[in-house]
2 protein chains.
Amino acid sequence: MTDSALADTLREAGLKVTEPRVAVLTALTDIPHSDADTIFGAVLPSVPGTSLQAVYGVLAALTAAGLLRKIEPAGSSALYERRTGDNHHHIVCTECGAVRDVDCVVGHAPCLTPSDAGGFTVHIAEVNFWGVCPDCQNALTQKSAD
Amino acid sequence: MTDSALADTLREAGLKVTEPRVAVLTALTDIPHSDADTIFGAVLPSVPGTSLQAVYGVLAALTAAGLLRKIEPAGSSALYERRTGDNHHHIVCTECGAVRDVDCVVGHAPCLTPSDAGGFTVHIAEVNFWGVCPDCQNALTQKSAD
DNA sequence: GAAGTTGTCTTGAGTTATTCAAAACAACTG
DNA sequence: CAGTTGTTTTGAATAACTCAAGACAACTTC
């Protein structure tokens with residue numbers, strides 16, 4: 001994705017096009033599911049004078065505009081991704097923290113409807129899977145074979 | 001639930017029975033889905049010399065022993081509850097933060113199996129619903145009627 | 001029932017992710 | 001090109017939580 005395409009994306013969302021914003025979008029295209037600090041590290045080379053606070057500001061603005069989705073897995077800092085609006089879920093590795101997208105389970109509206117919401121109006125259902133990624137499975141197998 | 005029943009619960013889990021631990025269990029029986037600070041406040045009157053750090057320690061020990069479940073909804077601090085081992089879910093009010101238990105959706109193993117786990121071994125599926133509680137619905141209706 | 005051992009609590013400080021505020025600055029408008 | 005509005009920089013502050021060391025209490029053994 002080119003910078004000018006990203007610029008258009010920003011403009012369409014009613015946001016001003018700035019270097020930090022384009023850089024953050026570029027970084028999240030390359031490395032999705034990154035936290036603010038990782039994004040800051042990825043952005044710093046191309047935007048030398050920037051700061052972590054600026055990254056937080058950009059992330060908040062882009063999330064509010066619907067350009068980013070913020071996910072907050074238990075026990076880790078907030079992660080951001082560009083894939084929005086499709087209600088997909090995530091699986092997190094309990095060993096290394098790796099995150100992977102999981103498409104919505106087999107076409108289940110039932111999955112997203114509690115049996116008894118106790119009078120609550122349900123707006124969204126959030127599903128997170130926890131498990132072990134292939135790499136860590138190998139590492140664990142290796143270890144137990146020692 | 002009496003203190004001695006709680007004491008037995010602790011002993012059965014292989015934990016020493018102490019005043020702060022009994023007090024934390026009592027507090028969580030009365031007010032489930034509480035955070036460390038709220039529990040601290042509820043415990044303080046009956047265990048005058050205690051500290052927030054002690055509460056954190058107790059919560060960690062009881063959670064590790066399987067006596068408590070820790071839930072960490074996005075954007076809020078960690079909450080604890082005594083209901084464990086039944087894989088139930090939660091619905092959180094986006095207005096006031098109220099949390100309510102939701103029994104597992106209509107008997108769905110499918111709900112807990114991602115369509116493509118990408119090589120991950122899935123251990124647990126976590127489901128959180130976000131919506132508006134009855135009280136806040138009323139408040140919002142009222143407000144729009146003004 | 002008393003002494004010892006082990007684990008728990010208290011006290012105090014430190015860490016990390018995140019947020020707030022004010023001034024300097026840059027992007028879009030006309 | 002100048003003005004306005006919104007963004008970024010700089011610096012500091014906050015909240016939730018963790019770590020560490022000594023004081024202390026619960027269960028065990030005698």
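Remember, it's a predicted structure, so these values are computed and weren't measured experimentally.
For A/Thr121, the side-chain hydrogen bond (donor to acceptor under 3.5 Å, both in side chains) partners are B/Gln137, not counting sequence neighbours. Listed by chain and residue number, B/His33, B/His88, B/His90 satisfy the side-chain hydrogen bond (donor to acceptor under 3.5 Å, both in side chains) test with B/Glu81 (two or more places apart in sequence, or in another chain). Judged as a side-chain hydrogen bond (donor to acceptor under 3.5 Å, both in side chains), and not counting sequence neighbours, the contacts of A/Thr38 are A/Asp35.
Of the two residues near DNA chain C, B/Leu52 and B/Gly14, the one whose nearest nucleotide lies more 5' is B/Gly14. Both B/Asp35 and A/Val47 sit near DNA chain D, but only A/Val47 has its closest nucleotide nearer the 5' end. Nucleotides of DNA chain C nearest to B/Lys16 and B/Ala54 differ in position, and the one nearer the 5' end is that of B/Lys16.
Atom CG in A/Leu59 sits about 14 Å away from atom P in D/dT7, given to the nearest Å. Atom P of nucleotide D/dT7 and atom CG of A/Leu67 are separated by 13 Å, given to the nearest angstrom. Atom CZ in B/Phe40 sits about 14 Å away from atom P in D/dA16, given to the nearest Å. Whole-Å rounding puts the A/Glu19 CD to D/dG6 C1' distance at 17 Å. Straight-line distance from the CG atom of A/Leu15 to the C1' atom of D/dT8: 14 Å, rounded to whole Å. B/Asp37 places its CG atom 14 Å from the C1' atom of D/dT14, with the value rounded to the nearest Å.
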Run the side-chain contact (heavy atoms from CB on, under 4.5 Å) test on B/Arg82 and B/Leu6 for me, step by step, so that the C-alpha distance in whole Å, both residues' side-chain angles and the decisive distance to 0.1 Å come before the verdict. CA-CA 11 Å; B/Arg82 293 197 56 199; B/Leu6 293 175; 3.5 Å; yes
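Residues B/Val102 and B/Val127 form no side-chain contact, since every pair of their non-hydrogen atoms from C-beta on lies 4.5 Å or further apart.
Within 4.0 Å (heavy atoms only), B/Ala78 reaches sugar-phosphate atoms of the nucleic acid but no base atom.
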Donor-acceptor pairs under 3.5 Å, side chain of residues 44-62 of chain B to any protein atom, not counting sequence neighbours: which ones?
| from | atom 1 | to | atom 2 | distance (Å) |
| --- | --- | --- | --- | --- |
| B/Ser46 | OG | B/Val43 | O | 3.1 |
| B/Ser51 | OG | B/Ala54 | N | 3.2 |

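Ionic pairing of B/Arg83 and B/Asp103 is present here: one or more N-O contacts between side-chain nitrogen and carboxylate oxygen are shorter than 4.0 angstrom.
A distance-only check finds no donor-acceptor pair linking the side chain of B/Ser76 to the backbone of B/Glu72 [under 3.5 Å].
The side chain of B/Gln53 lies closest to D/dT18 when the candidates are D/dG6, D/dT18, D/dT8.
Within the helix from C/dG1-D/dC30 to C/dG30-D/dC1, the inter-axis angle between the opening and closing five-pair segments is 40°, rounded to 10°.
Distances shown here put a side-chain N or O of A/Arg21 below 4.0 Å from the OP1 or OP2 atom of D/dT8. A sub-4.0 Å separation between OP1 or OP2 of D/dT8 and a side-chain N or O of A/Thr18 is present.
Taking 4.0 Å as the cutoff to heavy atoms of chain A, we find the contact window on DNA chain C bounded by C/dA17 to C/dC28.
Checking A/Thr63 against A/Arg69 by side-chain atom types alone, no donor-acceptor pair falls below 3.5 Å.
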